[in-house]
K.L.:
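There's a structure below that I have some questions on.
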2 protein chains.
Amino acid sequence: MRKEPLCEEIAGEGCGLKKVLNIIGGKWKIMILCVIDNNEVARYGDLRRSVYGITNTMLAQSLKDLETDGLVCRTQYDEMPVRVEYTLTEKAKSLIPILLQLKKWGEENL
Amino acid sequence: MRKEPLCEEIAGEGCGLKKVLNIIGGKWKIMILCVIDNNEVARYGDLRRSVYGITNTMLAQSLKDLETDGLVCRTQYDEMPVRVEYTLTEKAKSLIPILLQLKKWGEENL
DNA sequence: CCGTATCCAAACCGATACTG
DNA sequence: CAGTATCGGTTTGGATACGG
């Protein structure tokens, strides 16, 4: 009985672990997930104010990435002025418990 | 009863989750941890050969970071020529199960 | 209100050569 | 064998202004 290897391919990008790190890494992604998770739903402006220091460039780009990766859902209401809401997908919600464990580990060990 | 927040401080660097991502992020860190974990102990040259594409610069720097962060232990034997062995610390070993969950999530969802 | 466009700075990463 | 030094490229992030 062998141990389960952390990564099968040392080469890299195919590893599930590497993939996760790629989509939640970077400077702002987890903060954004965090704010949406705490509030259930967040508008662009909410995120802009809540994620301290973020610029339009990075917020827009990060949200687009997260949407592409299936972690957040964007809903646009064509009112005047327009309103856009962001929520977590089920996929993202299933990731949260693991992130909480990681967070706990970080608090205890770093 | 409130939900546990993913991050307490939106500002950032104090969050346990952010800290973990900072120390295992980057291009090579998890590969290195992976190789050491799979082999129990690894020499510099083993890592050099196993982590496909890594250069001396990055390997040496990554190992130094990991040692500073308390994830790997460096042992030097002053033979001729010198031999250096890297192992995971207990701290790092306690992180592995969480990383495996993350990896599993990545494989199922990405 | 919710973004995009452009341009610039900094961080990160890599190739090559060299050392104890 | 196990690294360090230097330099240059690439990628990432930020400031500011503007557009639907």
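Values reported hereafter were calculated over all heavy atoms of this structure, with side chains retained and with hydrogens, waters and symmetry mates removed. Letters go in sequence order (proteins before strands), and every chain restarts at 1.
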K.L.:
Where the side chain of B:T55 is defined as all heavy atoms beyond and including C-beta, which of C:dA15, D:dG14, D:dT4 is the nearest nucleotide?
P.N.:
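Nearest nucleotide to the side chain: C:dA15.
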
K.L.:
Could you walk me through whether A:L59 and A:R48 satisfy the side-chain contact (heavy atoms from CB on, under 4.5 Å) test, starting with their C-alpha distance in whole Å, then the side-chain angles of each, then the deciding distance to 0.1 Å, before giving a yes or no?
P.N.:
CA-CA 7 Å; A:L59 179 52; A:R48 184 83 214 282; 4.1 Å; yes

K.L.:
Over all strands shown, is B:T57 touching base, sugar-phosphate only, or nothing at heavy-atom distances under 4.0 angstrom?
P.N.:
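Touches a base.
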
K.L.:
Does a nitrogen or oxygen in the side chain of A:K27 sit under 4.0 Å from OP1 or OP2 of C:dA11?
P.N.:
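For C:dA11, OP1/OP2 do not have a side-chain N/O of A:K27 under 4.0 Å.
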
K.L.:
Of all the nucleotides listed (C:dG14, C:dA5, C:dG3), which has the minimum atom distance to the side chain of A:Y44?
P.N.:
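Looking only at side-chain atoms, A:Y44 lies closest to C:dG3.
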
K.L.:
Would you mind classifying the nucleic acid contact of A:R48 as base, sugar-phosphate or nothing, using non-hydrogen atoms under 4.0 angstrom?
P.N.:
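Answer is nothing: A:R48 stays at 4.0 Å or more from every strand.
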
K.L.:
Are there more than 12 heavy atoms of other residues, nucleotides or ligands under 6.0 Å from atom NZ of B:K91?
P.N.:
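Buried by this count: over 12 neighbours within 6.0 Å.
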
K.L.:
For A:Y86 and A:N39, which I'm curious about, is there any donor-acceptor pair between the side chains at under 3.5 Å?
P.N.:
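Side-chain D/A pair, A:Y86 to A:N39: absent.
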
K.L.:
Strictly below 4.0 Å: does A:R43 bring a side-chain N or O up to OP1 or OP2 of C:dC2?
P.N.:
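Result: yes.
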
K.L.:
Could you report the tightest heavy-atom contact between A:W28 and A:Y52, atom names first, then the distance?
P.N.:
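The answer is CZ3-O, 3.6 Å.
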
K.L.:
Taking OP1 and OP2 of D:dG3, is either one under 4.0 Å from a side-chain nitrogen or oxygen of B:R74?
P.N.:
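B:R74 to D:dG3 OP1/OP2: side-chain N or O found under 4.0 Å.
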
K.L.:
Counting only side-chain N and O atoms of B:W28, is one of them less than 4.0 Å from OP1 or OP2 of C:dG14?
P.N.:
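For C:dG14, OP1/OP2 do have a side-chain N/O of B:W28 under 4.0 Å.
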
K.L.:
So what does A:Y77 hit on the nucleic acid, given a heavy-atom distance under 4.0 Å: a base, only sugar-phosphate, or nothing?
P.N.:
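No contact at all - A:Y77 keeps every heavy atom at 4.0 Å or more from the nucleic acid.
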
K.L.:
Among D:dA2, C:dG3, D:dG14, which nucleotide has an atom closest to any side-chain atom of A:A60?
P.N.:
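Nearest listed nucleotide: C:dG3.
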
K.L.:
C:dG3 phosphate, OP1 or OP2: any side-chain N/O from A:Y86 under 4.0 angstrom?
P.N.:
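Answer yes for this pair, as a side-chain N or O of A:Y86 is under 4.0 Å from OP1 or OP2.
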
K.L.:
Could you check how far CG of B:L47 sits from C1' of D:dC1, rounded to whole Å?
P.N.:
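Distance, rounded to whole Å: 13 Å.
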
K.L.:
Can you work out whether B:R49 or B:K64 has the more 5'-proximal nearest nucleotide on DNA chain D?
P.N.:
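Looking at DNA chain D, the more 5' nearest nucleotide goes with B:R49.
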
